[in-house]
J.: 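First the structure, which I've put down as structure tokens, then a few questions once you've had a look.
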There are 2 protein chains.
Amino acid sequence: MPTTVAEPGRTTKGEQTRALILHTALDLFRERGYEETTMRLIAHEAGVAPGNIYYYFRSKEHLIQGFYALSLDEHVAASQPVLAQETDLRARLLGVMRAKIETSEPYHRFSGLLFKSAADPSSPLSPFSPESHPVRQACTALFAEVLTGSKTRVPDDLQAELPNLLWLYHMGIILFWLHDKSPQRVRTYRLIEHTVELIARVIGLATVPLLRPIRTRVLRLLTDLRQDTS
Amino acid sequence: MPTTVAEPGRTTKGEQTRALILHTALDLFRERGYEETTMRLIAHEAGVAPGNIYYYFRSKEHLIQGFYALSLDEHVAASQPVLAQETDLRARLLGVMRAKIETSEPYHRFSGLLFKSAADPSSPLSPFSPESHPVRQACTALFAEVLTGSKTRVPDDLQAELPNLLWLYHMGIILFWLHDKSPQRVRTYRLIEHTVELIARVIGLATVPLLRPIRTRVLRLLTDLRQDTS
DNA sequence: GTCTATAACCGGATAGAC
DNA sequence: GTCTATCCGGTTATAGAC
């Protein structure tokens, strides 16, 4: 079994306790929500002392960082079937996006927490922070695979920027999903279908001569931005 | 003096205390940051009892709702010069976006708090919540004015959706600005210049026949989305 | 040195008297 | 509409066990 982003190989006593606390916490978050789950309760359920949690996790919010990684692993796994079978860019992207929502569904209630920190530049929990880099990187790689494994020919310069853009796109979709109260989350799925269609078309249009000036401008902007962000 | 979104006309005893607390709080937030400002300190500085603040504001975070409104009023005021003088769409949008960043600058340190709630659908503080509707509405109207006052002819169907899109765009810029650590926030200003240019071009391209299928798809998607969100 | 437990602290929030 | 006293839960200090 390959080492995942969520749990490095070691299995020392400490690592086990750490994993125990994390899983207990995530289960409780899923069942009762974040605010309603007290640190004292997590400690009690995990059979450790309240203060002990802080030996493994800097704060209650940091328990969420663990969720990031866990969620990514599940997303990658759920994406494998489509990526193995489909060669159409549209179908691949659609499959990966659906996999994201499906695997996240159990955590819908408390996923909002992830975004809370998105705004705080000083928070290590922000998806843009250095601490989140490994997870973000791995997720971006997944989108790169969506492109490289498809039969659609994507120009090299675009190919370099698109995975990052798709990562940003998928964050936007998650934000929408968070607010989506429709039954079975149908609105989110419809949004995904429509936007994937649009993205595929826009990529297809990228080589049209008429749009060249816009395309170069966009590319310049993107490389410009990556300068000190990545 | 016209009634603003931030402060309705009344000036009863209560309204005065409320305003006093709000301004004291925002001043302290600006000076020391949000986390470092305790409710007890706000109460002390405002000369009221700690518990009394909760008579006027449901929570510490709710003090931020007051900031939303105040910030909007300043943004609208700072936008007036450009909107009165310029007729070029590009210049108008650029001016309004710059005004946004300029007026927000003093609050850069704690503006992240605004976004924290963006992710939480249950929070009345979310910019997408019903409670935020008046402010969001007023801000969207500002972007509508950017369009209607320009000499650029925008097709009716686009005209109906664009203000909402521009509002979303401006939220994205603010998110970028929150994370921008460059001196004088130059990266944000550059991003604004480039994206405004792009937006203007894309609007210009909207009527090109080749792009008609994409355009209709986008419009359908947008009207679809507004269905139960607005 | 790695890990665990207890007690206390601090600040947001609430109850209820005036 | 304002105050005081108190609660509650995240967090920290610190002592000690393995």
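Chain A is the first sequence line, chain B the second, and so forth, proteins listed ahead of strands; every chain is numbered from 1.
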J.: For H179(B) and S129(A), indicate whether the former's side chain and the latter's backbone hold a donor-acceptor pair under 3.5 Å.
T.: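 No, the answer is negative, given that no donor and acceptor are paired below the 3.5 Å cut-off.
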J.: What one-letter contact string describes nucleotides 3-18 of chain D from 5' to 3', where B marks a base within less than 4.0 Å of any protein heavy atom, S marks contact via sugar-phosphate atoms alone, and - marks no contact?
T.: BB----BBBB------
J.: Round to a whole Å and report the spacing from CD1 of I21(B) to P of dG1(D).
T.: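 In whole Å, dG1(D) P and I21(B) CD1 are 11 Å from each other.
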J.: Among residues two or more places apart or on two chains, list those pairs meeting salt bridge (Lys or Arg N to Asp or Glu O under 4.0 Å) that have a residue in residues 163-176 of chain A.
T.: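 Applying salt bridge (Lys or Arg N to Asp or Glu O under 4.0 Å) to every pair that reaches into residues 163-176 of chain A, excluding sequence neighbours, yields nothing.
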J.: Nearest whole Å is fine: how far is dG11(C) P from H44(B) NE2?
T.: 14 Å
J.: Return each pair, listed once, that meets side-chain hydrogen bond (donor to acceptor under 3.5 Å, both in side chains) where at least one residue sits in residues 31-40 of chain B; pairs must be two or more places apart or across chains.
T.: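 Passing the test, one end in residues 31-40 of chain B: no pairs.
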J.: Please collect all side-chain hydrogen bond (donor to acceptor under 3.5 Å, both in side chains) contacts where either partner lies in residues 160-173 of chain B, sequence neighbours excluded, each pair once.
T.: E161(B)-R226(B), Y169(B)-T195(B)
J.: Can you check whether Y55(B) has a side-chain N or O nearer than 4.0 Å to OP1 or OP2 of dT2(D)?
T.: no
J.: Excluding sequence neighbours, so at least two apart, what forms salt bridge (charged side-chain N to carboxylate O under 4.0 Å, His left out) with E61(A)?
T.: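 Salt bridge (charged side-chain N to carboxylate O under 4.0 Å, His left out) check on E61(A) returns nothing, list empty.
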J.: Write out all pairs satisfying salt bridge (Lys or Arg N to Asp or Glu O under 4.0 Å) with one or both partners inside residues 175-185 of chain A, taking only residues at least two apart or from two chains.
T.: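 Counting only pairs at least two positions apart or across chains, the salt bridge (Lys or Arg N to Asp or Glu O under 4.0 Å) contacts touching residues 175-185 of chain A are E105(A)-R185(A).
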J.: Looking at every strand, decide which applies to F57(A) at a 4.0 Å heavy-atom threshold: base, sugar-phosphate, or nothing.
T.: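 The residue F57(A) makes no contact with any strand.
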